[in-house]
Amino acid sequence: NCNTPSVAQGTAAAPLKDTEWKLVELDGKAIVKLPTQQREVRLTLASSGTRAFGSSGCNQFTGGYEYEGENLRLKQLAATMMACISPFMELETQFLKMLGTTSSYRIEGQRLMLLSGEQVRARFDAVNRR
């Protein structure tokens, strides 16, 4: 029995917190892991406390979050500073900037959407339950 079962098999909506979310689209562009990319872009919001963390592609990041209803704000984000090659550095910069402008979220099944105002900025698929 595994402690982190895949949630993609279920039909119920994945919970916002304690789900590992893999980035699949950013600003309308599909995100596909390239063979030379070491890490996928992933986001987790912990249920204990208000800590957000994950991988921004090259580096690890952490920060805080607050949410009420469908409002969601990520704050005080910090990342390790390892340099990486193009296009991964550009993706990482764009991803972290998007997190800082997030104002709300929606979950449809196993997909999380982060919005800035009315605009969907990023789409994530649920990967693992923590």
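Keep in mind that this is a model prediction, so the values were computed, not measured.
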Side chain proximity check, [X] to [Y], heavy atoms < 4.5 angstrom:
{"X": "Ile31", "Y": "Leu26", "result": "yes"}
{"X": "Asp27", "Y": "Gln94", "result": "yes"}
{"X": "Glu92", "Y": "Val41", "result": "no"}
{"X": "Leu43", "Y": "Leu114", "result": "yes"}
{"X": "Val24", "Y": "Phe124", "result": "no"}

Give every donor-acceptor pair under 3.5 Å between a side-chain atom in residues 96-103 and any protein atom, sequence neighbours left out.
from	atom 1	to	atom 2	distance (Å)
Thr101	OG1	Met98	O	3.0
Thr101	OG1	Ser116	OG	3.0
Thr101	OG1	Arg121	NH1	3.1
Thr102	OG1	Met98	O	3.1
Thr102	OG1	Leu99	O	3.4
Ser103	OG	Leu115	O	3.4
Ser103	OG	Gly117	N	2.8

Do the side chains of [X] and [Y] join up, straight or via other hydrophobic residues, at under 4.5 Å, putting them in one cluster?
{"X": "Val120", "Y": "Leu23", "value": "no"}
{"X": "Leu45", "Y": "Val127", "value": "no"}
{"X": "Leu91", "Y": "Leu77", "value": "yes"}

Closest heavy-atom pair and its distance - [X], [Y]:
{"X": "Trp21", "Y": "Leu16", "answer": "NE1-O, 3.2 Å"}
{"X": "Phe61", "Y": "Ser55", "answer": "CE2-N, 3.6 Å"}
{"X": "Phe95", "Y": "Ser56", "answer": "CD2-CB, 3.9 Å"}
{"X": "Ala13", "Y": "Gln110", "answer": "C-NE2, 4.1 Å"}
{"X": "Leu74", "Y": "Ala52", "answer": "CD2-CB, 3.6 Å"}

Sorted by chain and number, sequence neighbours left out, salt bridge (Lys or Arg N to Asp or Glu O under 4.0 Å) with Arg123 holds for Glu25

Straight-line distance of Lys22 NZ to Glu40 CD, nearest 0.5 Å: 4.5 Å

Can you tell me how far CD of Glu118 sits from OG of Ser104, rounded to the nearest 0.5 angstrom? 7.0 Å

So, the side chain of [X] versus the backbone of [Y]: is there a donor-acceptor pair under 3.5 Å, distance only?
{"X": "Thr80", "Y": "Met82", "result": "no"}
{"X": "Thr44", "Y": "Gly54", "result": "no"}
{"X": "Asp18", "Y": "Ser47", "result": "yes"}

Considering only distance and modelled atom types, tabulate donor-acceptor pairs under 3.5 Å from the side chains of residues 63-71, sequence neighbours left out.
from	atom 1	to	atom 2	distance (Å)
Tyr65	OH	Ala46	O	2.6
Glu66	OE1	Lys75	NZ	2.9
Tyr67	OH	Lys17	NZ	3.4

Pair Asp125 + Arg111, salt bridge at N-O below 4.0 Å: yes

